[in-house]
Amino acid sequence: MKYIGLNNKAVDAKDAVVSALDHGFLYGMGLFETFRTYGGEPFLLKRHLSRMAEGCGQLGIPFEQEVQPLREWIQLVMDRNELSDAYIRYTVTAGEDILGLPSGSYKQPNHLLYIKALPVVHPSLYSEGKELQLLNHRRNTPEGPVRLKSLHYMNNILAKRELSGYPSAARGAEGLMLTAQGDIAEGIVSNIFFIKENRLFTPDIATGILPGITREMVLELAASAGLHSEQGFYRMEQLEAADEIFLTNSVQEIVPVTALWNGDRRITISSGRCGERTEAMIRLYRERTGMLK
């Protein structure tokens with residue numbers, strides 16, 4: 001990553017700096033969105049901006065980013081990094097303010113674009129799937145009524161560190177966190193779904209999970225795959241008994257889970273291959289991205 005976007009410009013990465021008094025640094029007051037492009041076009045950009053705007057409103061951060069100017073800025077930074085498609089992290093920090101907790105709204109946020117090449121993913125990931133490792137580390141509760149994709153990511157980092165101690169991590173496993181009450185929450189960087197017969201289940205937002213953009217799209221597409229979707233509170237026993245499990249995020253899309261680890265106990269899911277209904281969901285999602293015509 002040679003160039004970073006900073007306040008509508010593309011600057012050399014070593015020169016992309018913000019103040020030590022930025023409240024994104026001092027107090028974690030800021031949000032980010034991660035998404036990717038297809039054919040150079042940022043996917044579901046309006047939805048990401050809508051989530052960003054809603055979160056900034058809760059934090060008192062002024063946010064008036066329009067879609068087309070952001071597209072043009074993204075293209076500028078992609079061009080400077082010589083990328084035709086990219087992984088994008090769009091960050092908005094609260095900006096510089098007093099040393100102390102402010103009572104009012106912020107005035108001058110900072111906007112940053114981190115853009116890099118898309119991760120190389122072998123096609124077998126979508127047929128053979130990945131492992132899901134149950135963690136002891138619990139999902140924390142959100143600071144407000146709904147979890148924001150905020151700059152405060154300690155809970156996820158601690159979960160990632162725990163995951164690194166399991167053998168499954170070396171094989172690319174995702175970590176699964178439960179709530180303090182023992183309900184299924186989400187992965188370290190993913191939302192989780194499971195299928196039983198013709199029903200698609202995913203944890204309710206009230207569990208404290210992030211309302212993922214890809215999660216939202218999957219719920220919209222479920223009926224087209226012949227699945228009745230349901231959001232609720234679920235236990236590990238239900239996940240272990242699932243016919244199929246898959247994970248979602250904006251970069252890897254929909255990834256099947258073919259092995260579930262609960263301690264040292266390995267549960268094979270869908271005979272160790274991507275299930276038919278998950279495969280249908282992958283196809284529907286890719287049709288929406290324009291990758292399948």
Side-chain angles (χ1 to χ4, degrees), residues 31-35 44 47-48 50-55 57-59 132-150 152-156 158-159 174-250 252-257 260 262 267 269-270 275 277-278 280-282 284-285 288:
L31 302 172
F32 71 98
E33 294 287 330
T34 54
F35 47 93
L44 300 178
R47 298 192 190 206
H48 284 284
S50 177
R51 184 171 68 175
M52 176 75 83
E54 184 175 348
Q58 293 182 42
L59 299 182
L132 183 62
Q133 177 76 55
L134 176 63
L135 303 176
N136 293 315
H137 190 75
R138 297 301 174 103
R139 192 60 164 128
N140 62 344
T141 55
E143 289 86 351
V146 177
R147 184 175 300 278
L148 303 178
K149 202 170 178 70
S150 77
H152 177 38
Y153 238 56
M154 186 186 297
N155 187 238
N156 302 66
L158 292 176
E174 167 67 311
L176 171 64
M177 289 182 283
L178 306 181
T179 67
Q181 294 74 35
D183 295 310
I184 296 166
E186 59 190 339
I188 299 172
V189 292
S190 61
N191 289 124
I192 185 166
F193 289 81
F194 65 95
I195 299 169
K196 187 67 176 178
E197 297 176 347
N198 289 320
R199 299 177 72 86
L200 177 68
F201 302 91
T202 194
D204 194 279
I205 296 300
T207 60
I209 64 171
L210 181 74
I213 300 298
T214 306
R215 173 186 182 276
E216 178 183 67
M217 176 63 72
V218 164
L219 288 170
E220 293 174 10
L221 295 173
S224 298
L227 295 169
H228 175 77
S229 60
E230 176 185 306
Q231 303 175 59
F233 294 79
Y234 309 109
R235 311 295 283 192
M236 272 301 295
E237 293 81 7
Q238 293 168 276
L239 192 63
E240 292 179 3
D243 297 329
E244 302 177 35
I245 302 173
F246 63 83
L247 308 171
T248 63
N249 68 36
S250 292
Q252 289 195 337
E253 305 167 338
I254 297 172
V255 177
V257 170
L260 177 62
N262 187 343
I267 301 99
I269 305 298
S270 187
R277 295 174 183 85
T278 301
M281 292 301 305
I282 293 172
L284 286 167
Y285 187 86
R288 188 62 63 94

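Just so you know, these numbers use all the heavy atoms, side chains as well, and skip hydrogens, waters and symmetry mates.
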Discussion item. Quick check: do L239 and I192 have side-chain heavy atoms less than 4.5 Å from each other?
Written reply: yes

Practice prompt. Let me see the working for E253 and T248 under side chain to side chain contact (heavy atoms under 4.5 Å, CB included), right down to the final yes or no.
Written response: CA-CA 5 Å; E253 305 167 338; T248 63; over 6 Å; no

Item to complete: Heavy atoms only: give me the nearest E186-G208 pair and the separation to one decimal.
Response: OE2-O, 4.3 Å

Discussion item. To the nearest 0.5 Å, what is the distance between CG on L132 and CD1 on I245?
Written reply: 6.5 Å

Fill in: Residue pair L178 / I184, side-chain heavy-atom distance below 4.5 Å
yes

Response to the item:
What one should report as the nearest heavy-atom pair of A225 and M281 is CB-SD, 3.5 Å

Discussion item. Could you check whether atom CD of E220 has more than 12 heavy atoms from other residues, nucleotides or ligands sitting under 6.0 Å from it?
Written reply: yes

Worksheet item: Roughly how far, to the nearest 0.5 Å, is the CD1 atom of I254 from the CE atom of M217?
Response: 10.0 Å

Worksheet, complete the sentence: A53 meets the side-chain contact (heavy atoms from CB on, under 4.5 Å) criterion, sequence neighbours left out, with F63

Worksheet entry | Note, V189 side chain near N156 side chain (heavy atom, < 4.5 Å) | no

Discussion item. Is there a side-chain contact between I209 and R147 in this structure, where contact means two heavy atoms from C-beta onward sitting under 4.5 Å apart?
Written reply: no

Item to complete: Would you please classify the geometry between the F201 ring and the Y234 ring as parallel, tilted or perpendicular, with 30° and 60° separating the classes?
Response: perpendicular

Response to the item:
A185 and P203 have their tightest heavy-atom pair at O-CG, 3.3 Å

Item to complete: Work out which heavy atom in L219 is nearest to a heavy atom in S229; give both atom names and the distance.
Response: CD2-CB, 3.9 Å

Worksheet item: To the nearest 0.5 Å, what is the distance between CG (L284) and CG (L221)?
Response: 5.5 Å

Fill in: Sole candidate of H48, K149, R47 that passes side-chain hydrogen bond (donor to acceptor under 3.5 Å, both in side chains) when paired with E33
H48

Discussion item. Has E174 got a side-chain atom pairing as donor or acceptor with I188's backbone, closer than 3.5 angstrom?
Written reply: yes

Fill in: Side chain to side chain, F35 and I213, heavy atoms closer than 4.5 Å
no

Practice prompt. May I ask you to test the R277-I282 pair for a side-chain heavy-atom distance under 4.5 Å?
Written response: no

Worksheet entry | CG-NE2 distance between L200 and H228, expressed to the nearest 0.5 angstrom | 10.0 Å

Response to the item:
Separation between OG (S190) and CZ (R215), nearest 0.5 Å, reads 12.0 Å

Fill in: 4.5 Å side-chain heavy-atom contact, L176 and Q133
no

Response to the item:
Those residues at least two apart in sequence (or on a different chain) that pass side-chain contact (heavy atoms from CB on, under 4.5 Å) with A206 are D204, F233

Item to complete: Quick one: pull up OG in S150 and CD in E143 and give me the separation to the nearest 0.5 Å.
Response: 5.5 Å

Item to complete: Start with the C-alpha gap between L260 and M236, add the side-chain angles, then the distance that decides, and say whether side chain to side chain contact (heavy atoms under 4.5 Å, CB included) holds.
Response: CA-CA 10 Å; L260 177 62; M236 272 301 295; 4.1 Å; yes

Practice prompt. Carefully, step by step, assess L31 and E54 under the rule side chain to side chain contact (heavy atoms under 4.5 Å, CB included).
Written response: CA-CA 11 Å; L31 302 172; E54 184 175 348; over 6 Å; no

Worksheet item: Any chance the rings of Y153 and F32 have centres within less than 6.0 Å?
Response: yes

Worksheet item: So do the side chains of L148 and P142 get within less than 4.5 Å of each other, counting heavy atoms only?
Response: no

Practice prompt. Give a yes or no on whether the backbone of N140 and the side-chain of N155 come within a donor-acceptor separation of less than 3.5 Å.
Written response: yes

Practice prompt. Please lay out, stage by stage, how V146 and I205 fare under the test side chain to side chain contact (heavy atoms under 4.5 Å, CB included).
Written response: CA-CA 7 Å; V146 177; I205 296 300; 4.0 Å; yes

Discussion item. Between E240 and E237 (side chain of the first, backbone of the second, donor and acceptor by atom type, cut-off under 3.5 Å), is there such a pair?
Written reply: no

